[in-house]
Protein chains: 2
Amino acid sequence: MSPRQADTRQRALDVALELFAEQGYEKTSLREIAERLDVTKAALYYHFASKEALLAGIIDSLVEPVDELVAWSQTQPRTTEFRLEYLRRLAELLQGPLSRWISFVQQNQPVLRDHTEAGQKMQSRLLLLCARIIEPEAALQDQLRSLLGLLAVYLGNLAPASAMLRSLGFEATPEELAVAAMDVARELVRIGPDQWS
Amino acid sequence: MSPRQADTRQRALDVALELFAEQGYEKTSLREIAERLDVTKAALYYHFASKEALLAGIIDSLVEPVDELVAWSQTQPRTTEFRLEYLRRLAELLQGPLSRWISFVQQNQPVLRDHTEAGQKMQSRLLLLCARIIEPEAALQDQLRSLLGLLAVYLGNLAPASAMLRSLGFEATPEELAVAAMDVARELVRIGPDQWS
DNA sequence: GTCTATAAGTAGATAGAC
DNA sequence: GTCTATCTACTTATAGAC
């Protein structure tokens, strides 16, 4: 396969993800996607049976890195040390592949909550991602603190979130923000006087 | 005016808000809104020049309680005590009028980020709401902690968020959750050894 | 694997009668 | 203030040639 004309299917997934994440699923038409790919709508229908199938394809590719993190987390004991490492790995993902994933989720709440099977898959992974930081035996307050620790990492490492923080008056570089967020997060996921560490 | 046939304009705003918050702006058609009102699309156009004007009308009505909270906050000194009271008032709003507002924002990120003037208004209020909890002179970590305190109140008091928490395994009634969230939030907005209190 | 052509439907919006 | 009827534009999706 020539490098230019390489795999229209894959290019379609990339372009569609970009547009869906930017302007939402409903607002993005197949015509628009096809134009960017420099093919016709009909060509698109050769690769995907429907717009929803295209959506499902995107979701499948996005879910992968999350599943890896969750799978790893399930082999670990639920100690404070584990939660700290979990946050470190999450921070890394948020700066990489998870970045597009989260934007996509945020911009497409309506479709994802729909009956669609793909949407359910997406939502379930998001819940799982949050659930792994929570220690079921801990006090309610400590469970909440852990979850907020995860949110801190999210705020500090996801590009749009950190841009919002700076627009809120945070005078810090993205790097400083990521470090500060991890500081705060560490404090939050530490439970009791070494009860579960 | 008869109570039944009362003000189609207001009823339209109510119905549209409900539908927009539930399934998103793009996915909701004027036909659907008109059907629920038991009038025709044309009648809708008598009251609103366009779909976007309808959106703007909704936003204006939603922005009001937020503006009140922000206005009050601007008369207050920026002490820890203020932030605690701010959170108490926010918690109240989240259980009342702000509830629909937040769902609406969450489900309509794409439209609200658009060029539309109404969308900008909405976003600016959301930022302002967050900004009032932040002490500009504080250390970056403490600023983040305050913001997370606000998020805790959000998680604990907004119905959909607290439903999500329970699906995450939090075994608590909505009331218990709200109390626990305020506990955690109090701890987070407290800055240093009474530096700004 | 990509094209042209087109079907079938719905969207937002308007004209003009009542 | 609400109606019927209609317009234009655009949507998802399909049929069939190359």
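In this text, all values refer to a predicted model and were calculated from it rather than measured experimentally. Chain naming here is simple, since letters A, B, ... match the order of the sequence lines and numbering starts at 1 in each.
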Would you say [X] places a side-chain N or O within less than 4.0 Å of OP1 or OP2 belonging to [N]?
| X | N | answer |
| --- | --- | --- |
| B/R31 | C/dG12 | no |
| A/S29 | D/dC10 | no |
| A/T40 | C/dT2 | no |
| B/T8 | D/dG1 | no |

Round to the nearest Å and state the distance from [X] atom [atom1] to [N] atom [atom2].
| X | N | atom1 | atom2 | result |
| --- | --- | --- | --- | --- |
| A/K27 | D/dC10 | NZ | C1' | 14 Å |
| B/L54 | C/dA11 | CG | P | 15 Å |
| A/R11 | C/dT2 | CZ | C1' | 12 Å |
| B/E26 | D/dT12 | CD | P | 12 Å |
| B/D7 | D/dT2 | CG | P | 9 Å |
| B/L30 | C/dT14 | CG | P | 11 Å |
| A/K41 | D/dA15 | NZ | P | 15 Å |
| A/D38 | C/dG1 | CG | P | 18 Å |

How are the rings of A/Y25 and A/F20 set relative to one another: parallel (under 30°), tilted (30 to 60°) or perpendicular (over 60°)?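 If you compare the ring of A/Y25 with that of A/F20, the planes turn out perpendicular.
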Heavy atoms of other groups near A/Q120 CD, more than 12 under 6.0 Å: yes
Look at atom CD of A/E85 and say whether more than 12 heavy atoms of other residues, nucleotides or ligands are closer to it than 6.0 Å. yes
Cluster link B/V70 to B/W72, ILVMFWY, side chain under 4.5 Å: yes
Student check: side-chain heavy atoms of A/N157 and A/L98 closer than 4.5 Å: no
Contacting residues from residues 42-52 of chain B, given that a heavy atom lies under 4.0 angstrom of DNA chain D: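 B/A42, B/A43, B/Y46, B/H47, in order of number.
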The single option from A/L93, A/L94, A/L129, A/L158 passing side chain to side chain contact (heavy atoms under 4.5 Å, CB included) against A/W101: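 The passing option is A/L129.
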Measure from the side chain of A/V39, starting at C-beta and using heavy atoms only, and say which of C/dG12, C/dC3, D/dT12 lies closest. C/dC3
Could you give the distance from CZ (A/R9) to CG (A/L37), rounded to the nearest 0.5 Å?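 Here the interatomic distance stands at 13.0 Å.
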